[in-house]
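Here is the structure we will look at, set down as structure tokens.
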Amino acid sequence: MTIDTTNMCSCLQKKLFDIAGVFHRPWLSIQNDSELTAVVRSR
């Protein structure tokens, strides 16, 4: 899966893509499991 990070803030990018980021492990799980999905919404 490819994510367009054009409109994603740098804080969220770090949390999602950095190894020490809060959302990195769930992101990896989503990538490795075809039954898991996620939706990212802007507020």
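Numbering of residues begins at 1 and proceeds along the displayed sequence.
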Completion exercise
Sequence neighbours excluded, the answer for side chain to side chain donor-acceptor pair (under 3.5 Å) partners of Thr6 is Asp4
Completion exercise
Residues passing the side chain to side chain contact (heavy atoms under 4.5 Å, CB included) test with Lys14, sequence neighbours excluded, are Asp18
Problem - Under 3.5 Å donor-acceptor, Asp33 side chain and Ser29 backbone - result: no
Handout entry: Euclidean distance, Trp27 CH2 relative to Asn32 CG, rounded to 0.5 Å
Key = 10.5 Å
Problem - Residue list, side chain to side chain contact (heavy atoms under 4.5 Å, CB included) with Thr5, at least two apart or on another chain - result: Ile3, Met8, Gln13, Phe17
Practice task
Could you tell me which residues satisfy side chain to side chain contact (heavy atoms under 4.5 Å, CB included) with Asn7, sequence neighbours excluded, listed by chain and number?
Solution key: none
